[in-house]
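Every number for a ligand or one of its atoms is a count from 1 in the order of the listing.
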Amino acid sequence: MTTFCNFLEQKGIDSELKSVLCSLKDSVKKISEAIKTADTGRAGSTNIYGEEQLALDVLSDRIIQDELKKNEVVGLLASEELPEETKVGDGPYAVCYDPLDGSSLVDVNLAVGSIFGIYKADTFIGRKGDEMLASMFAVYGPRTTIVLTVKNGVVEFSLKDGNFVLSNDEVKITNDKKMFAPGNLRACKTEPNYVKLMEYWMKEQYTLRYSGGMVPDINQILLKGCGIFTYPAYPDAPNGKLRLLFECAPMSLLMEQAGGKSTDSRGKRILEIEIRELSQRTPIFIGATEEVDIAEKFINT
Ligand code: AFP
C-alpha cells in the first residue's frame with residue numbers, strides 16, 4: 001500500500017515540494033470530513049466575482065489557509081474566495097487554489113472538488129501555467145480521491161481508513177471511446193459554430209457526461225481516458241466563465257501530463273497564457289488531443 005507522502009518520497013520529489021503537497025493532502029482530508037456534516041447554507045457574503053459564498057466555501061478556504069500558514073516553505077497563497085494574493089511567510093512556494101469548486105452542486109449532493117496549483121514565485125501576476133511545479137485536484141464524491149501531477153505523469157490516490165493510498169499509478173488519455181462534456185450550452189443562442197459542434201457530437205453518437213462540476217467532469221475524462229470538456233466564450237461572457245489561475249491552468253497541466261490537450265478554444269495552449277490578474281477568465285477546450293482539435297476546427301470555421 002503506497003500512501004500519498006511515501007509515493008512522493010519514492011519518486012525522489014524535492015522535500016520542500018513534498019511538504020507543500022502533503023499539507024494540501026491534509027487539508028483535503030479535513031474538507032472531505034467537513035462536507036459530510038457542515039452547513040450547506042449561505043455564508044451571507046460574496047466573493048470578488050459577486051458570487052454568493054456558501055458556508056462550505058468559506059470553511060474550505062479557511063481549512064486550506066490554516067494548513068498552508070503552518071508550512072514554513074509556503075510564502076504566498078491565492079484563493080478563488082479571497083480578493084488578492086496573500087503573503088503568509090518567507091518560503092519560496094506559492095499555492096493558488098479553488099477551495100470548493102461546484103458550490104451550486106453542494107446542496108443537491110453532487111460531487112464537488114478542490115483545485116490546486118503550486119509555483120515557486122513571489123507573485124502570481126506574470127506567471128504562466130507552464131511554470132507550475134505541480135497541480136492536483138480532490139474529488140469529494142462517493143469516495144474522496146486526489147489526482148496529482150508533479151510533471152512526470154498523473155496518478156490518483158483514494159482515501160481509505162484515513163490514508164490516501166495510490167489507486168491508479170498511470171492516468172493516461174487513450175481516447176478509445178467518445179464522450180463529451182459540453183459546458184455553457186446557452187452560447188448556442190449566439191454561436192452557430194457551437195451548435196454545429198453539438199450536432200457533430202450527437203450524430204457521431206458521443207456519450208454525454210456533464211455534471212456542472214468542472215472537477216468531477218474532468219476527473220471522468222482523465223480516468224476514463226477519453227472525451228472533451230468545453231466551456232466557450234459568448235457575448236455575455238467574452239472570456240468564458242472559468243478562471244485561468246484557479247481552475248483552467250491546474251487542470252490543463254494534469255491533462256497535458258496525461259497525454260491530452262488544453263486550449264482557450266482559439267488555438268492557444270492554456271499553459272502559455274500569462275496571468276495578468278487573479279480573476280482572469282478564459283474559454284477552455286480540454287481533453288483528448290484529437291477531440292480538442294476537432295472542436296477547435298468547428299468553433300473557428
Ligand atoms: P459553481 O461553483 O457556481 O457551481 O460553478 C461551477 C463551475 O465553476 C465549474 O465547476 C463548472 O464546470 C461550471 O462552473 C459550470 O458552469 P455552468 O453552470 O454555466 O454550466
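Nearest approach of Leu159 to Gly162, heavy atoms of both residues: CD1-C, 3.7 Å.
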Which atom pairs, nitrogen or oxygen on both sides, join ligand 1 and the protein at under 3.5 angstrom?
{"residue": "ligand 1", "atom": "2 (O)", "partner": "Gly102", "partner atom": "N", "Å": "3.2"}
{"residue": "ligand 1", "atom": "2 (O)", "partner": "Ser103", "partner atom": "N", "Å": "3.1"}
{"residue": "ligand 1", "atom": "4 (O)", "partner": "Ser103", "partner atom": "N", "Å": "3.3"}
{"residue": "ligand 1", "atom": "4 (O)", "partner": "Ser104", "partner atom": "N", "Å": "3.0"}
{"residue": "ligand 1", "atom": "4 (O)", "partner": "Ser104", "partner atom": "OG", "Å": "2.7"}
{"residue": "ligand 1", "atom": "5 (O)", "partner": "Lys241", "partner atom": "NZ", "Å": "3.3"}
{"residue": "ligand 1", "atom": "10 (O)", "partner": "Asp101", "partner atom": "OD1", "Å": "3.4"}
{"residue": "ligand 1", "atom": "10 (O)", "partner": "Asp101", "partner atom": "OD2", "Å": "2.5"}
{"residue": "ligand 1", "atom": "10 (O)", "partner": "Met214", "partner atom": "N", "Å": "2.8"}
{"residue": "ligand 1", "atom": "12 (O)", "partner": "Met214", "partner atom": "N", "Å": "3.2"}
{"residue": "ligand 1", "atom": "14 (O)", "partner": "Lys241", "partner atom": "NZ", "Å": "2.9"}
{"residue": "ligand 1", "atom": "16 (O)", "partner": "Lys241", "partner atom": "NZ", "Å": "3.2"}
{"residue": "ligand 1", "atom": "19 (O)", "partner": "Arg186", "partner atom": "NH1", "Å": "3.0"}
{"residue": "ligand 1", "atom": "19 (O)", "partner": "Arg186", "partner atom": "NH2", "Å": "3.2"}
{"residue": "ligand 1", "atom": "19 (O)", "partner": "Tyr231", "partner atom": "OH", "Å": "2.5"}
{"residue": "ligand 1", "atom": "20 (O)", "partner": "Tyr210", "partner atom": "OH", "Å": "2.7"}

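The pair Lys36-Glu33 does not meet the salt-bridge criterion, since no charged nitrogen lies less than 4.0 angstrom from a carboxylate oxygen.
Within the structure, salt bridge (charged side-chain N to carboxylate O under 4.0 Å, His left out) pairs that include any residue of residues 228-254 comprise Glu51-Arg243, Glu80-Arg243, Arg243-Glu247 (at least two apart or interchain).
Two rings, from Phe7 and Phe157, have their centers less than 6.0 Å apart.
With sequence neighbours excluded, the residues satisfying side chain to side chain contact (heavy atoms under 4.5 Å, CB included) with Asn193 are Lys196, Ile299, Thr301. In this structure, the salt bridge (Lys or Arg N to Asp or Glu O under 4.0 Å) partners of Asp66, at least two apart in sequence or on a different chain, are Arg62.
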